[in-house]
Amino acid sequence: MKKIIMATFIFVCLLALTSCASSSDEILHLGVNAVITEIDGPNKTIIVRDADEQGVLGEKCLVDCSEIPLIYCRYDTHQVQDISFDDLQVNDDVILSIRESEIESYKNENGQRGSIKIEQLQLGTQRIQ
């Protein structure tokens, strides 16, 4: 009887461990540098361009900011805070968090659709107190 209980316990533990494992090993890029070129307040979208010469976004990429976290990090204190869409301005440097699958999809379509889904936007321009 003890062997059956022990075997059942081990089986349940193994089942629990395997169910907790993530099936998605997708990479999240946390440092895609961009510059805001246009802001559409009513739709909460922005147009960005690559800040780097070898970026993936090109000169005009639409980003929907209506359902993503917007954050700001003070580099001198490392304090992170939430910001609102209204805090964004044209020519702001931003750091985008983008999943690898979104980058690949955007590259495969050669940016023709003009938009990319991001996970988070961090305001890089240091001006918020």
Side-chain angles (χ1 to χ4, degrees):
M1 187 67 168
K2 286 184 179 180
K3 289 182 182 181
I4 293 173
I5 293 172
M6 185 60 79
T8 304
F9 178 73
I10 291 172
F11 176 74
V12 169
C13 288
L14 289 175
L15 183 63
L17 287 175
T18 58
S19 67
C20 291
S22 174
S23 62
S24 174
D25 292 335
E26 187 172 6
I27 298 169
L28 178 63
H29 295 274
L30 297 173
V32 178
N33 297 318
V35 176
I36 298 174
T37 58
E38 295 176 40
I39 296 176
D40 181 356
N43 294 321
K44 292 194 176 189
T45 61
I46 58 174
I47 304 284
V48 297
R49 66 170 171 79
D50 281 316
D52 307 322
E53 288 182 21
Q54 297 158 338
V56 296
L57 304 174
E59 288 297 313
K60 191 173 186 179
C61 180
L62 178 70
V63 176
D64 182 1
C65 298
S66 63
E67 297 182 13
I68 60 165
L70 304 173
I71 62 169
Y72 175 74
C73 177
R74 287 184 54 130
Y75 294 149
D76 56 347
T77 63
H78 302 288
Q79 180 183 12
V80 177
Q81 67 187 59
D82 292 329
I83 59 173
S84 72
F85 184 80
D86 296 330
D87 292 321
L88 301 178
Q89 298 177 3
V90 172
N91 293 322
D92 274 345
D93 293 323
V94 291
I95 303 164
L96 309 176
S97 300
I98 308 173
R99 296 234 175 249
E100 179 70 23
S101 62
E102 280 294 319
I103 292 174
E104 290 303 317
S105 176
Y106 189 75
K107 282 182 184 178
N108 290 340
E109 295 180 17
N110 296 320
Q112 290 178 5
R113 68 180 172 161
S115 66
I116 194 165
K117 182 179 180 229
I118 67 171
E119 299 290 321
Q120 173 181 284
L121 181 142
Q122 176 183 333
L123 177 60
T125 303
Q126 296 291 292
R127 63 176 159 72
I128 295 179
Q129 296 301 322

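At a threshold of 4.5 Å between side-chain heavy atoms, the hydrophobic network of Ile, Leu, Val, Met, Phe, Trp and Tyr places Val90 and Tyr72 in one connected group. In the hydrophobic clustering of this structure, Phe85 groups with Ile118; members are Ile, Leu, Val, Met, Phe, Trp, Tyr whose side-chain heavy atoms approach within less than 4.5 Å, directly or through other members.
Under the side-chain hydrogen bond (donor to acceptor under 3.5 Å, both in side chains) test applied with His29, the options Glu119, Glu100, Glu102, Arg99 reduce to a single match, Glu100.
The nearest pair of heavy atoms linking Leu70 to Cys65 is CD2-CB, 4.4 Å. For the residue pair Ser115 and Tyr106, the shortest heavy atom distance occurs at O-CD1, 3.5 Å. A pairwise comparison of heavy atoms in Ile46 and Val48 identifies CD1-CG1, 3.6 Å as the closest pair. Of all the heavy atoms in Ser97 and Leu28, the pair that sits closest is C-CD1, 4.1 Å.
Once rounded to the nearest 0.5 Å, the distance linking CD of Gln81 with CD1 of Ile128 reads 6.0 Å. Atom CG of Asp64 and atom CG of Leu121 lie 11.5 Å apart (nearest 0.5 Å). Interatomic distance, Gln126 CD to Asp92 CG, rounded to the nearest 0.5 Å: 10.5 Å. Once rounded to the nearest 0.5 Å, the distance linking NZ of Lys117 with CD1 of Ile98 reads 11.5 Å. Considering CD1 of Ile83 and CG of Leu88, their distance stands at 5.0 Å, rounded to 0.5 Å. Going from atom CG of Asp87 over to atom CZ of Arg127 covers 7.0 Å, rounded to the nearest 0.5 Å.
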* Could you walk me through whether Leu96 and Leu57 pass the side chain to side chain contact (heavy atoms under 4.5 Å, CB included) check? -> CA-CA 11 Å; Leu96 309 176; Leu57 304 174; 3.8 Å; yes

* Asked: Run the side chain to side chain contact (heavy atoms under 4.5 Å, CB included) check on Gln120 and Ile68 step by step: do they pass?
  -> CA-CA 5 Å; Gln120 173 181 284; Ile68 60 165; 5.8 Å; no

Please list every donor-acceptor pair under 3.5 Å in which a side-chain atom of residues 33-45 meets a protein atom from a residue at least two apart or in another chain.
from	atom 1	to	atom 2	distance (Å)
Thr37	OG1	Ile47	O	3.1
Asp40	OD2	Asn43	ND2	2.7

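Scored by the salt bridge (Lys or Arg N to Asp or Glu O under 4.0 Å) test, Glu59 finds no partners at all (sequence neighbours excluded).
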